[in-house]
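Computed from a predicted model, the values in this text were never measured in an experiment. In what follows, every heavy atom counts, from backbone to side chain, and hydrogens, waters and symmetry copies are set aside. Note on naming: letters A, B, ... go to the chains in the order of the sequence lines (proteins, then strands), and numbering restarts at 1 for each one.
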There are 2 protein chains.
Amino acid sequence: MNFGLRHIRYFIAVAEELHFSRAAEKLGIAQPALSKAILVLENELSVRLFHRSNRHVQITEAGQTFLDGCRNAMNLIEQSAENTQRAHSGQIGTLRIGYTDNAMAGSLPQILKAFQDVQPGLVLKPHHDVSNIQLKKLDEGELEIGFVTGPINRSGLNQCLVQSEKFVCVVYKDHPLANRKTVRLEELAKQNFVHGSSKDWEHFHSYLLPLCRRAGFVPKVIQEAFNTAGILGLVSCGMGITVLTESISKSGGTGLTVIPIQDMSEELQTMAIWKSDTMDGTKKRFVDFLQQGNDLPV
Amino acid sequence: MNFGLRHIRYFIAVAEELHFSRAAEKLGIAQPALSKAILVLENELSVRLFHRSNRHVQITEAGQTFLDGCRNAMNLIEQSAENTQRAHSGQIGTLRIGYTDNAMAGSLPQILKAFQDVQPGLVLKPHHDVSNIQLKKLDEGELEIGFVTGPINRSGLNQCLVQSEKFVCVVYKDHPLANRKTVRLEELAKQNFVHGSSKDWEHFHSYLLPLCRRAGFVPKVIQEAFNTAGILGLVSCGMGITVLTESISKSGGTGLTVIPIQDMSEELQTMAIWKSDTMDGTKKRFVDFLQQGNDLPV
DNA sequence: AATTCATGATGCCATTTTGTTATCAATTAT
DNA sequence: ATAATTGATAACAAAATGGCATCATGAATT
């Protein structure tokens, strides 16, 4: 098997014309070159592909078999080269996108929808993961884009602000604070907190806890849940209160009261984040779409 | 699209190893040659296929797309080359075989069955045609093998005797001759004959008529039919008599009597026949199988 | 029968492609 | 800081491909 695409192209031409001189002309080469190329191919396969008399050329049965295969292969390769170029320019492809509860409760759905409208050739595969896991998956190439709680300070990653939300206090509707218009953070010092589990929510906590510490207390956590729905469920049945962000706290359903936190200027930022090397076409398209001007390289 | 199978092979190797030096070693070439080949491929496609840092090589998304296509194409080509060789050696393929009523009523079914048993990879496609048409189709490459009434005297065709049968007289069961043990050919001079239509049966007649002429008469044809079944049908309902061969006259069913013809040494020969150029593998196998020693080249 | 014609094969040389060795440049590990 | 790893580059060698002139053969023409 030591022939090339060139031989295959020539073979197809001869099979189509059944005439060496004409096929050679069509290929833009001289007839002897074509004769030689076909001979090489025949030797390589140890198969006679054409019956040639000096009057007529006809394809052998084996030649016909080979022709079918060659036609398919050539189409496949051409098609594939085209797809490759489209994948390169980002017209087709797959984008694995990580998201947090915060991102999905906020502006991510609209972003994905809008992007799909502009780039219908791309398949988006969203994966729900907390920020830490997303960072790991980005590193290991299991995600192209993450939507995480930020900002992140890590080299090799670029990011872009997607949303910024105030923290709010969520209590069950019979709670003493339930009818307050606002609370101050330090008022929560003696409350029982429901939190996300330490391991998975470490990232979120790393933004919230310093603020509590600044307000002079460490939250008294009496219960942990694995996700937002779990936290809000525990809150609504009276286990305690929690602090989340505006948009996500809306998803809790009845039995809950959301109270703005007074004098708290810090917001929880959700960032799109991606590896700055390996900028493939699809990723580039998505990032360009996101940025529309407001890049924040690390 | 000006790259070759070589580039594709190299690309697959690099994609598998994700390491130029190792891939080169595996391919049995030096690393710079491989680097250059991949660069050529990338330029040709205008697509970066690998992200290379000095420490790691990873495939791009576009590269992955191309890899899939290349793998398929390579498999296809390798598979196809193999099939081509098998087709050449006659292990696989198709054989279009023409046959006359005589051949099919005689030994052809056993021949085809026996050949299929020995060469299960070959597809046999039998076509019912009178000898003339078969010869034309052989010429035009629409048949590989014909089973015709012979012998044939034509250059470029080889043949091989398959069966040789006595002529017999077929009459309806109430016919005056019906209870005779044998007849002589000249006794049929005054009988009404049912024949095959002149055009299609010309070939059969060209063997039978000279024998009648030698016996001193020209058959009085009162009815023509298109095929053997038609002839025997007309005979059985009393339209006349006919002369056919032993085996085929057995297929006529009731109402008919078959009478050997006395003192008639000539027999109707059925020959396998094929073009002597264009000896493809499948045809060669079939011919070798048929001959088992007794070739009759023209 | 002799001649011409059509057509694929062959020999020889030029050009292009492919490959090798030595070396560089950049990055990581020690 | 130094050594090691690894892909890219340069210069040259080998192999492949292509072109031109010519040959060989069988068919068509005279």
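- Between A:Glu42 and A:Arg52 a salt bridge is recorded (basic side-chain N to carboxylate O distance below 4.0 Å).
- Nearest heavy-atom pair, A:Cys70 versus B:Ser80, reported as atom, atom and distance to 0.1 Å: N-OG, 4.4 Å.
- Phosphate proximity of C:dG8 to A:Ser35: absent, as no side-chain N or O sits under 4.0 Å from OP1 or OP2.
- Residues A:Gln31 and A:Ser35 have side chains that bring a donor and an acceptor to within less than 3.5 angstrom of each other.
- Taking the six-membered ring where the residue is Trp, the centroids of A:Tyr99 and A:His128 are separated by under 6.0 Å.
- Counting only N and O atoms by type, the side chains of A:Asp280 and A:His88 include no donor and acceptor under 3.5 Å apart.
- For the pair A:Ile38 CD1 and D:dG18 C1', the computed distance is 14 Å after rounding to whole Å.
- Ring to ring, A:Phe50 and A:Phe11 are close: their centroids are under 6.0 angstrom apart.
- Across the protein-nucleic acid pair, B:Ile8 atom CD1 and C:dT18 atom C1' stand 17 Å apart, rounded to whole Å.
- Among the atoms of the strands shown, none is found under 4.0 Å from any heavy atom of B:Phe50.
- In this structure, the CD atom of B:Gln31 is 15 Å from the P atom of C:dC24, given to the nearest Å.
- The 5' end of DNA chain D is approached more closely, in terms of each residue's nearest nucleotide, by B:Ser53 than by the other of B:Ser53 and A:Ala37.
- Put simply, B:Ser21 has a side-chain N or O that comes within less than 4.0 Å of OP1 or OP2 on D:dG7.
- As rounded to whole Å, 14 Å separates atom P of D:dT5 from atom CD of B:Glu25.
- Under the side chain to side chain donor-acceptor pair (under 3.5 Å) rule, B:Glu144 has a single partner from B:Lys125, B:Arg96, B:Lys283, which is B:Arg96.
- Across all strands shown, B:Val57 has heavy atoms under 4.0 Å from sugar-phosphate atoms exclusively, and none from any base.
- The main-chain N or O of B:Arg48 is found under 3.5 Å from a side-chain atom of B:Thr60 such that the two form a donor-acceptor pair.
- Between the CG atom of A:Leu41 and the P atom of D:dA16 there is a distance of 15 Å, given to the nearest Å.
- For A:Leu34 and D:dA16, the CG to P distance is 19 Å, given to the nearest whole Å.
- The residue A:Ala30 sits close only to the backbone: its heavy atoms come under 4.0 Å of sugar-phosphate atoms, none of a base.
- Contact annotation for A:Tyr10: backbone-only contact, meaning every heavy-atom pair under 4.0 Å involves sugar-phosphate atoms and none involves a base.
- Nearest heavy atoms, B:Thr282 versus B:Thr94: OG1-O, 4.0 Å.
- Of the candidate nucleotides C:dG19, C:dA9, D:dG7, C:dG19 has the atom lying nearest to any side-chain atom of B:Ile29.
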Anything under 3.5 Å between a protein N or O and an N or O of nucleotides 10-15 of chain D, put it in a table, one pair a line.
residue : atom : partner : partner atom : Å
D:dA11  : N6   : B:Lys36 : NZ           : 3.4

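- Residue B:His19 is the one, among B:His19 and A:Val40, whose nearest nucleotide of DNA chain D lies closer to the 5' end (criterion: closest heavy atom).
- For C:dT18, the OP1/OP2 oxygens have a side-chain nitrogen or oxygen of B:Arg6 closer than 4.0 Å.
- Aromatic ring orientation, B:Phe286 versus B:Phe289: tilted (interplanar angle from 30° to 60°).
- Here the C1' atom of nucleotide D:dG7 and the CD atom of B:Glu17 are 15 Å apart, to the nearest Å.
- Among the atoms of the strands shown, none is found under 4.0 Å from any heavy atom of B:His51.
- Of the side-chain N and O atoms in A:His56, none sit less than 4.0 angstrom from OP1 or OP2 of D:dA27.
- Going from atom CG of B:Leu5 over to atom C1' of C:dT18 covers 15 Å, rounded to whole Å.
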Using atom names, set out every protein N or O paired with an N or O of nucleotides 27-29 of chain C below 3.5 Å, distance rounded to 0.1 Å.
residue : atom : partner : partner atom : Å
C:dT27  : O4'  : B:Asn54 : OD1          : 3.2
C:dT27  : O4'  : B:Asn54 : ND2          : 3.4

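- Nucleic acid contact class of B:Leu39 (heavy atoms, under 4.0 Å, all strands): sugar-phosphate only.
- Taking the charged nitrogens against the carboxylate oxygens, A:Lys136 and A:Asp129 have no contact shorter than 4.0 Å, which rules out a salt bridge.
- Applying the 4.0 Å criterion to OP1 and OP2 of D:dT6, one finds that B:Arg52 has every side-chain N and O outside that range.
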